[in-house]
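Before any comments, here is the structure.
Chain identifiers are assigned alphabetically (A, B, ...) following the order of the sequence lines, protein sequences preceding nucleic acid strands; residue numbering begins at 1 within each chain.
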Amino acid sequence: MYSYEYFLEEEEVATIVKKGKIVKKDTNEYFLPTSTTGQIVHHQGYSLSYNEKHEQAEWVAYELKKSHLSSINHKRPYFEVDKAVKTGAAHWRNYKKSGFDRGHLCPAGDRRYSKSAHDETFLTSNISPQEHKFNSGVWNRLEQKVRYWAGKYNGVFVVTGGVLKGSMKTIGDEEVAVPNQFYKVLIDNNTGKTKVIAFLMPHKDSKKPLYEFVVSVDEIEKLTGIDFCPQLEDKLENKLEASTNYKNWSF
DNA sequence: CTGTGCGTC
DNA sequence: GACGCACAG
C-alpha cells in the first residue's frame with residue numbers, strides 16, 4: 001500500500017500526507033529527495049538543492065507530466081543568476097570560454113508547455129558544466145527517453161544532477177565543479193504499481209544503449225548521500241531502491 | 001533536441 | 001550586456 005492519501009490530479013495543488021503528517025503541498029515537491037546542504041529552493045517548474053561549495057545543484061527535481069509534453073518552440077533566453085539561492089548562485093560567466101556546456105539539469109525541452117516555465121530553466125542554479133559531446137550525446141538520449149516514458153506512463157517524477165564528490169576539475173572564478181558522473185532517478189507512480197529506475201553515467205559521451213547505465217537507487221544514494229524516495233513507505237522503498245531490474249521500463 | 005560563437009548596437 | 005543570426009553534434 002502507498003502511504004499517500006492523495007494523488008495529484010492535473011493542475012491540482014494538493015497536499016501530500018504521509019502517516020498523518022503533511023509532507024509538501026506543491027506538485028513539484030512530490031517525491032522530493034533529502035538535501036545534504038540544507039538549501040532547498042522551489043521554483044514554479046522545479047525544485048533544487050544547492051551546493052554552495054561546488055556552485056551547482058546537487059539535485060533538481062520535477063514532475064514531467066504527460067500534459068507537459070509540448071512541441072512549442074520558444075526562443076532561447078539568456079541565463080540568469082538564480083536570486084533565490086541565498087548563498088549566491090554561480091554566475092554564467094564561469095562557463096564562458098570554459099570549454100564546457102551550460103548543461104541543463106531540468107531540460108528546457110521538458111518545460112516547453114509555457115514560455116515562463118521554459119525560461120525558468122535558464123537559471124544558473126539549474127545547470128552543471130558538461131562536455132558538449134556528453135550533453136548532446138548520451139545525456140540527450142536519456143532526456144529524450146524520459147520524455148518518451150512521460151508520455152507512455154502518464155508522467156514521471158525526475159531527480160537529476162551531477163555527483164559532487166571526489167576530485168573534480170573546476171571552471172571560472174567561482175570554481176564551479178565539473179562532476180565526473182551524472183545521475184537520473186525516475187519514479188513512475190501513475191501507472192498503478194510504483195516503479196523506479198536509476199541511471200549513473202560517466203561524464204563522457206557513449207554510444208552504448210541506455211539500459212547499460214542502469215544502477216540501483218541505493219548505489220546513487222551511497223555515492224551522493226541523498227535519499228531519493230523518503231516519502232515512500234520504507235518496505236516499498238527498500239525493495240525498489242535495491243533493484244537494478246528495468247524490465248518494467250520500455251526501452 | 002543539445003548547445004556555442006561572433007558581429008553589432 | 002543584449003540581440004540576432006550562423007553553425008555544430
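In this structure, A:H203 and A:F100 have tilted ring planes: the angle between them lies in the 30° to 60° band.
Distance NZ (A:K97) to P (B:dG5): 8 Å, rounded to an integer number of Å. Rounded to whole Å, atom C1' of C:dA2 lies 9 Å from atom CH2 of A:W92. The distance from atom OH of A:Y95 to atom P of B:dT2 is 16 Å, rounded to the nearest whole Å. One interatomic measurement links the two molecules: NE2 of A:H74 to C1' of C:dG4, which rounds to 19 Å at whole-angstrom precision. If you take CZ of A:F134 and C1' of B:dC1, they are 15 Å apart, rounded to a whole angstrom. Between the CZ atom of A:F100 and the C1' atom of C:dG9 there is a distance of 17 Å, rounded to whole Å. The separation between A:F122 atom CZ and C:dA2 atom P is 15 Å, rounded to whole Å. Counting to the nearest Å, the P atom of B:dC1 and the CG atom of A:L69 are 13 Å from each other.
Looking only at side-chain heavy atoms (C-beta outward), A:F31 and A:E63 stay at 4.5 Å or farther from each other.
Counting any heavy atom pair closer than 4.0 Å across all strands shown, A:G137 reaches no nucleic acid atom. Counting any heavy atom pair closer than 4.0 Å across all strands shown, A:N73 reaches sugar-phosphate atoms only and no base atom. At the heavy-atom level, A:N140 lies under 4.0 Å from base atoms of the strands shown. Among the atoms of the strands shown, none is found under 4.0 Å from any heavy atom of A:K145. Residue contacts shown for A:E143 are limited to sugar-phosphate atoms, with no base heavy atom under 4.0 Å away.
Checking the phosphate oxygens (OP1, OP2) of B:dC1, a side-chain nitrogen or oxygen of A:R112 falls inside 4.0 Å. Contact between the side-chain N/O atoms of A:H104 and the OP1/OP2 oxygens of B:dC1 is not found at any separation under 4.0 Å.
Tested against A:Y50 for a side chain to side chain donor-acceptor pair (under 3.5 Å), the candidates A:E55, A:Q39, A:E58, A:Q56 yield a single pass: A:E55.
In summary, the aromatic rings of A:Y183 and A:F228 are positioned with their centroids under 6.0 Å apart.
Shown for residues 76-84 of chain A: residues whose heavy atoms fall under 4.0 angstrom of DNA chain B, namely A:R76.
A distance of 11.0 Å separates OG of A:S70 from CZ of A:R147, quoted to the nearest 0.5 Å.
Comparing B:dT4, C:dG1, B:dT2 by their closest approach to the side chain of A:S136 singles out B:dT2. Of all nucleotides listed (C:dG1, C:dA8, B:dC1), C:dA8 comes nearest to the side chain of A:H132. Of the candidate nucleotides B:dT2, B:dT4, C:dG1, B:dT4 has the atom lying nearest to any side-chain atom of A:R102.
Counting side-chain heavy-atom gaps under 4.5 Å among Ile, Leu, Val, Met, Phe, Trp and Tyr, the cluster of A:M168 also holds A:L164.
Toward the 5′ end of DNA chain C lies the nearest nucleotide of A:H91, the other residue of the pair A:K75 and A:H91 mapping further downstream.
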Q: Apply side-chain contact (heavy atoms from CB on, under 4.5 Å) to the pair A:L210 and A:M201, showing each step before the final yes or no.
A: CA-CA 9 Å; A:L210 294 172; A:M201 293 183 166; 3.6 Å; yes
Q: Take A:H43 and A:L48 through the test side-chain contact (heavy atoms from CB on, under 4.5 Å) and record every step on the way to the result.
A: CA-CA 8 Å; A:H43 290 298; A:L48 64 98; 3.9 Å; yes
